[in-house]
K.L.:
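After the structure tokens below, expect a handful of questions from me.
By convention in this document, chain letters (A, B, ...) are assigned in the order of the sequence lines, proteins followed by strands, and residues within each chain are numbered from 1. FYI, side chains are in, hydrogens and waters are out, and symmetry mates aren't considered; it's all heavy atoms of this structure.
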Amino acid sequence: MKELLSKLNDAQREAVLYCDGPLLILAGAGSGKTRVLTHKVLYLIKEHNIDPLDILAVTFTNKAASEMKERIRALINVPTWDLWVNTFHAACMRILREHYETLGYTKNFVIYDDSDAKRLIKQCLIDCDIDPDQFKPKAVKNAIGRAKNNLISAEKMQSNAMTIFDKSIASVYVLYQKTMQQNDAMDFGDIIFNAVTLLQNHPEILKSYHEKFKYILVDEYQDTNHAQYTLLKLLAKKRKMICVVGDDDQSIYKFRGANIKNILNFEKDYKGVTTIKLEQNYRSTKCILDAAYSVIKHNRTRKDKKLFTENAHGEKIKCHNTRDEIEEARYVLSEIKWMNEGGKHSFKDVAVFFRTNAQCRVFEEEFFKGGIPYITVGGIEFYSRAEIKDMIAYLKIASGSNDIVSIKRSLLRPRRGIGKVTLDKVEKVMVENSTDLFSAIDIICDSSQLGAGAKKKLKEYVTLVETLRDDAKTLSIGNLVTRIYNASGYKEMLEKDTSDENIDRINNVNEFIAGAFQFEENAPDGDVSMYLDFIALVSSADKLDGDDNKVSLITLHKAKGLEYPIVFMTGMEEGIFPHANSMHEKEELEEERRLCYVGITRAKEKLFMTHASSRRQYNMPSFQRPSRFIDDIPDELITGKSKKSVFATASVRQGQRSFTNKDRDKFNKRSFHEDPHGQKFQKKVVNTFFKESPSGSAYKVGKSYLHPVFGKGKVTRVEGSTGNEKLTLFFPKAGEKKIMAKYVQLVPC
DNA sequence: ACGCCAGGTATTTTT
DNA sequence: TACCTGGCGT
């Protein structure tokens, strides 16, 4: 322990050692905050004899949580699965799983993701006689989410509503909650809301957690919303053993309800707070740090502070203007290639940041063509693919849930001769008898409302569910998913048609199955509910795999907490960054500026900023001006700042695209989706593939290749476009096989 | 019952 | 450029 402490600077050490009351650590970017947190955990365990399981540590992202767990495990060997080191949502889920019955839920309650929630809200809008075209489901969902973040219940909202608008929203909110409760379901907002409600209304339960949690640590405190703030206040009320870490300059989640006042007022909220500032930056060059300060200093609502570093001044920031977004991507690509070929940096050292997910596309296209391996973080998520959502729906039902969204999904796919008409009838019976769907099926099958054919089909479905529920009691999770895939007819459905899209789907399901088996391994005592929670709460943006040598393409929001030697901040244009929707209100602009600060401070050695003069937006070219954030950086810290932007001549380059976006999509779906444990699926996708495109197919009839499973084989047929080849090979050992070249690493021999 | 196609529309950031 | 929806044809 002593040696460990000696490696910290004075402020860091003080932060680790102080354990006598509430502690606020103001930790600037790159000041070794995670290090302090993990050492503090270790210190509590070693020197204060606290059981590791009695420490609650909450973070915002799974990435941060798993990193912390990993670091704790490196210091002391404890099984990380049981540790209360979690995101807010996961920690609350754990509490709720221990007390579901108190809230009127059953042990089978499920989590709705955003799209489930949106779908249900749309239904509620219709049921409330509100036109979903006037009140957009998404907007209503946001309003409800906001209410939950502020701990406003549906009833409270209804009684507070003054305007017709508010009343409409409130009535939808009431119906939505009622339906959610009926379906035994919670959305993201409910998880926190219900945990707080539970602790507020049940002092004896709160007391049990007071006794349990000897110390509470909170990361990214500046991003807490009111509900999370209240949760912490409740849990810390008795012992006041709470340590929060944050940086007001890095608060970027106001849109999600984060309240920067939580950190600014921490000293008022808790008596006798000790505040420690970590101001030495160990990450970035002096130049980068100064540039970050030159941007952030324009904000009015912040505690003034300036980080310092002992690092070298480093190279100036390189600013570059291009004609359009395609040139921008090509510029980034050429810089990366140049650095890589010089042997100075590997691909994984590099990150490309952008403000919106939509900007990612062009980079993917150009990187794909240019043969630079990349990973995208975010964008279309693995778990939101239809086939995966279908499998999850089956899994929810098998686990015992009567969630109607899942039942409908599984009832309709694969096609089993039951359609909208039959389903409507069943649902009507369900409402009339106020019962669940399975009982409704029983009732309707005893009546004369349906033809014999439809009845038979429904009964078959019920039998399927019963079988799967029995299986769920005996099979392991991986085996259960496999059983579902086979027994539901889903596999048959997918294998019937061999279109490229379907091959993708088959692959995705196989990845999902592999993930389930892996979960089994990681969490030996986990059950199906835990696995479902895990899927719902662990977004794919977990962990960037360090040993994958790929460039990261990532939004600025997701980049928070990460660091890279080389960073490209792209789309530095007015309207993009700062975003057009956030340019006019002062508060929102300040948040954009903080986002910029976050972006700059991710860079360790070298920072690039690019902006295009013209950019296609909504399929229309629009002329762009460089971002005001570039102007904030003084000339001595940046080169290439253009006085005038280079406007594009309207030459069109569409014809040059050698592959369509559809190809790109397919490629991506297959290649770069992570499994639930942070590793990338499909490691098989190899660089040899990149090198071949786009100049003609590498696969020729008559050539021999080594297949990882089938051994040596000879190509008898090549179909499909370059990079998308469908090969027919003859293997002496395995016979003739059709193979999508990109799935498998084929070694010429 | 169910698949397909055309046409309209939406695009910030996420647990 | 995407997705979604609603209408139509099988």
K.L.:
What is the separation between atom CG on A:Asp114 and atom P on B:dT14, rounded to the nearest whole Å?
P.N.:
11 Å

K.L.:
Could you tell me how far C:dC4 sits from B:dT13 if I compare only their P atoms? Round to whole Å.
P.N.:
16 Å

K.L.:
Are A:His579 and the base of B:dT12 stacked, counting only ring centres nearer than 5.5 Å and planes tilted under 30°?
P.N.:
yes

K.L.:
Any idea which of B:dT15, B:dT12, B:dT14 is nearest the A:Thr356 side chain?
P.N.:
B:dT12

K.L.:
Checking contacts here: which listed nucleotide (B:dT11, B:dT13, B:dT15) is nearest the side-chain heavy atoms of A:Phe188?
P.N.:
B:dT15

K.L.:
In whole Å, what is the span from the CD1 atom of A:Ile576 to the P atom of B:dT11?
P.N.:
16 Å

K.L.:
Does one side chain, of A:Ser614 or A:Asp324, offer a donor that lies under 3.5 Å from an acceptor on the other?
P.N.:
no

K.L.:
Tell me, please, which residues at least two apart from A:Val405 pass side chain to side chain contact (heavy atoms under 4.5 Å, CB included).
P.N.:
A:Tyr112, A:Asp116, A:Asp403

K.L.:
I'd like to check the salt bridge (charged side-chain N to carboxylate O under 4.0 Å, His left out) partners of A:Arg97; sequence neighbours left out, ordered by chain and number.
P.N.:
A:Asp533

K.L.:
The side chain of A:Ser582 is closest to which nucleotide in this list: B:dT15, B:dT12, B:dT14?
P.N.:
B:dT12

K.L.:
What is the distance, rounded to the nearest whole Å, between atom CZ of A:Arg593 and atom C1' of B:dT13?
P.N.:
18 Å

K.L.:
With centres under 5.5 Å and planes under 30° as the test, does A:Phe255 stack with B:dT13?
P.N.:
yes

K.L.:
What integer distance in Å separates A:Met186:CE from B:dT15:C1'?
P.N.:
16 Å

K.L.:
Applying side chain to side chain contact (heavy atoms under 4.5 Å, CB included), name anything that partners A:Thr601, two or more places apart in sequence or on another chain.
P.N.:
A:Ala29, A:Ala292, A:Tyr597

K.L.:
Applying the salt bridge (Lys or Arg N to Asp or Glu O under 4.0 Å) criterion to A:Arg615, which one of A:Glu574, A:Glu327, A:Glu328, A:Glu325 satisfies it?
P.N.:
A:Glu328

K.L.:
For the side chain of A:Asn581, starting at C-beta, report the closest nucleotide among B:dT14, B:dT12, C:dA2.
P.N.:
B:dT12

K.L.:
Using a cut-off of 4.0 Å on non-hydrogen atoms, how would the nucleic acid contact of A:Tyr253 be classed: base, sugar-phosphate, or nothing?
P.N.:
sugar-phosphate

K.L.:
For nucleotides 4-10 of chain C, list the nitrogen or oxygen atoms of the protein found under 3.5 Å from its nitrogen or oxygen atoms, one pair per line.
P.N.:
| residue | atom | partner | partner atom | Å |
| --- | --- | --- | --- | --- |
| C:dT5 | OP1 | A:Lys122 | NZ | 3.1 |

K.L.:
List the residues meeting side chain to side chain donor-acceptor pair (under 3.5 Å) with A:Lys396, not counting sequence neighbours, and say none if there are none.
P.N.:
none

K.L.:
A:Lys459: which residues meet the side chain to side chain contact (heavy atoms under 4.5 Å, CB included) condition with it, sequence neighbours left out?
P.N.:
A:Cys445

K.L.:
Once you apply a heavy-atom cut-off of 4.0 Å, does A:Phe60 come out as touching a base, just sugar-phosphate, or nothing?
P.N.:
sugar-phosphate

